[in-house]
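Quick notes on the structure that follows.
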Protein chains: 2
Amino acid sequence: MLSEMSLKDFLEKLSSNEPAPGGGSAAALAGSIGASLGCMVANLTIGKKKYEDVEEEMKDLKVKFEEYRDKFLQLMEEDAQAFNEVIEALKLPKSTEEEKRARNEKIQEKTKKATLLPLQIAKDALEVMELSGITIEKGYKMAKSDAAISLVMAKAAVDGGLYNVKINLPSIKDEDFLRDINSQIEKIEGEANTLELRLLSKVYI
Amino acid sequence: MLSEMSLKDFLEKLSSNEPAPGGGSAAALAGSIGASLGCMVANLTIGKKKYEDVEEEMKDLKVKFEEYRDKFLQLMEEDAQAFNEVIEALKLPKSTEEEKRARNEKIQEKTKKATLLPLQIAKDALEVMELSGITIEKGYKMAKSDAAISLVMAKAAVDGGLYNVKINLPSIKDEDFLRDINSQIEKIEGEANTLELRLLSKVYI
């Protein structure tokens, strides 16, 4: 399990010439960092008299951030796994026509999976951006830099996830799948950029 | 040592209501992730016949990325430590005029230290952005998404570092120090934004 590794060991593994964990796992980790920081701001807000009005909202946020933090760690594993499965498919035999056909099918199937995973990372990170926005607007003022950094990390996870989606697309032959993914990329990119501009403009530091 | 903790445990600690590790450490970790991914791209480029022309450059880059990866882990610890020292200073006694003066001096000294640390994170992350740019332009094409994500993570580290610099400034009374830091912030922000635009426009995926 990558999430059981020490930071130091994980980063050394990430640095190595093993293709996984790579950018997709890094994006998921950034999402987890963003969710964790948002959770910290919610935690620092809860119990403060001046923030009684948002106490319940912050308690809900805390739970949601914890769920995303843990989900991203799961996605970090799954992205590395999905990439390794593509590599395995590429190693399948291709001596006969039958083998070639089976290999191509497996490569297509595994590449789609390796595309959908970072897309999920980007989608979840977009939701973390929205939650971070609430901590920027309503959370403990002394931790507003942490709330802003939570947003920055979640945005990096969106962008990182989408780069990893895009790198897979040239290998995919299913036109309907490509059309669907491209339209999702465009939507997520647009929303993430708008959200970033709108929310960071509310960070008065 | 934070870097000896498992990813899971570190993220739980980051989520807690302990003020450190917080945004500064998160920014440093993003810098370390960025440097690690850049290192991975250099590693994947080294030894490939088609990339013989850049072999030596990639070997140099690999070493530099490793140095930054490890330096960021160090800065992650130091940022958490610096923040804890501010908290300690705030707890000093303030019953007499003499105690008040000594406490204020200590708070100023420790707040300056807690400002210079994330500034260092931002400066180093700006340099990692430049190095990531080289992997985007000259590294192994199949890993171009990883090179782009390396840049995105380094940019998040710059932005995150600067938010943590800014949050400290209202507590600092030394006008010369503030002028110097504000001019450095402006310079780093400008360079990071220009670099991001210029380099990401070269990521053809």
Side-chain angles (χ1 to χ4, degrees), chain A residues 1-8 10-19 22-24 26-27 29-30 32-40 43-44 46-47 62 65-66 69-70 73 76 142-150 152-153 155-156 159-160 163-170 203 205, chain B residues 1-8 10-19 22-24 26-27 29-30 32-40 43-44 46-47 62 65-66 69-70 73 76 142-150 152-153 155-156 159-160 163-170 203 205:
Chain A
M1 291 277 284
L2 296 172
S3 61
E4 301 289 342
M5 291 177 79
S6 73
L7 263 60
K8 194 169 177 300
F10 172 81
L11 291 163
E12 276 175 20
K13 195 175 170 71
L14 189 62
S15 311
S16 78
N17 62 2
E18 291 176 49
L29 180 53
S32 196
I33 296 170
S36 298
L37 271 178
C39 190
M40 173 180 129
N43 269 318
L44 288 169
I46 293 166
K62 170 190 155 78
F65 276 130
E66 280 171 349
R69 176 193 68 198
D70 298 343
L73 285 184
M76 185 182 70
M142 298 289 283
K144 58 190 167 181
S145 55
D146 300 291
I149 300 170
S150 164
V152 164
M153 292 299 149
K155 176 63 162 60
D159 292 342
Y163 275 120
N164 242 35
V165 172
K166 291 177 195 169
I167 194 85
N168 284 301
L169 298 183
V203 182
I205 302 187
Chain B
M1 292 280 285
L2 297 172
S3 60
E4 301 291 342
M5 291 176 78
S6 73
L7 263 60
K8 194 168 176 301
F10 172 81
L11 291 164
E12 276 174 22
K13 195 175 170 70
L14 189 61
S15 311
S16 79
N17 62 2
E18 290 176 48
L29 180 54
S32 196
I33 296 170
S36 299
L37 271 178
C39 190
M40 173 179 129
N43 268 319
L44 287 168
I46 293 166
K62 170 190 155 76
F65 276 129
E66 279 171 349
R69 177 193 69 199
D70 298 342
L73 286 183
M76 185 181 71
M142 298 289 283
K144 58 190 166 180
S145 55
D146 300 291
I149 299 171
S150 164
V152 165
M153 292 298 150
K155 176 63 163 60
D159 292 341
Y163 275 119
N164 242 33
V165 173
K166 290 177 195 169
I167 193 86
N168 284 301
L169 299 184
V203 182
I205 301 187

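These values consider heavy atoms only, across backbone and side chains, with no hydrogens, waters or symmetry-generated copies. Chain A is the first sequence line, chain B the second, and so forth, proteins listed ahead of strands; every chain is numbered from 1.
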Does NZ or CZ of Lys166(A) lie under 6.0 Å from the centre of the six-membered ring of Tyr163(A), at an angle within 45° of the ring axis? yes
Side chain from CB out, backbone as N, CA, C, O: work out which of these in Leu29(B) comes under 4.5 Å of a heavy atom of chain A, or both, or neither. side chain
Residue Leu73(B) versus chain A: region with a heavy atom under 4.5 Å: side chain
Quick one, Leu2(B) with Lys13(B), criterion side chain to side chain contact (heavy atoms under 4.5 Å, CB included). Give me CA distance, side-chain angles, the key distance, then yes/no. CA-CA 10 Å; Leu2(B) 297 172; Lys13(B) 195 175 170 70; 4.0 Å; yes
Proximity breakdown for Glu18(B) and chain A, heavy-atom pairs closer than 4.5 Å: backbone
With a 4.5 angstrom heavy-atom cut-off, which part of Ser32(B) approaches chain A: side chain, backbone, both or neither? both
Relative to chain B, which of Ala35(A), Gly47(A), Gly24(A), Ala26(A) shows the most heavy atom pairs under 4.5 Å? Ala26(A)
Atom SG in Cys39(B), atom CG in Asn43(B): separation rounded to 0.5 Å? 5.0 Å
Which one wins on heavy-atom pair count under 4.5 Å against chain A: Lys8(B), Met1(B), Arg69(B)? Arg69(B)
Keeping the roles fixed (side chain from Asn164(B), backbone from Gly160(B)), state whether a donor-acceptor pair exists under 3.5 Å. no
For Met76(B), which atoms come within 4.5 Å of any heavy atom of chain A: side chain, backbone, both, or neither? side chain
Between Ile33(A) and chain B, with a heavy-atom cut-off of 4.5 Å, which part of the residue counts as in contact: side chain, backbone, both or neither? both
Shortest non-hydrogen contact from Lys144(A) to Val203(A)? O-CG1, 4.5 Å
Tell me, out of Leu11(A), Val152(A), Asp146(A), who's got the most heavy-atom pairs with chain B below 4.5 Å. Leu11(A)
Who among Ala147(B), Ser36(B), Ser3(B), Ser150(B) has the most heavy-atom pairs with chain A under 4.5 Å? Ser36(B)
Pick from Gly38(A), Pro170(A), Ala148(A) with the largest number of heavy-atom pairs that fall under 4.5 Å of chain B: Ala148(A)
Option that, when pairs with chain A are counted at under 4.5 Å, heavy atom only, ranks first among Met40(B), Met153(B), Met5(B): Met40(B)
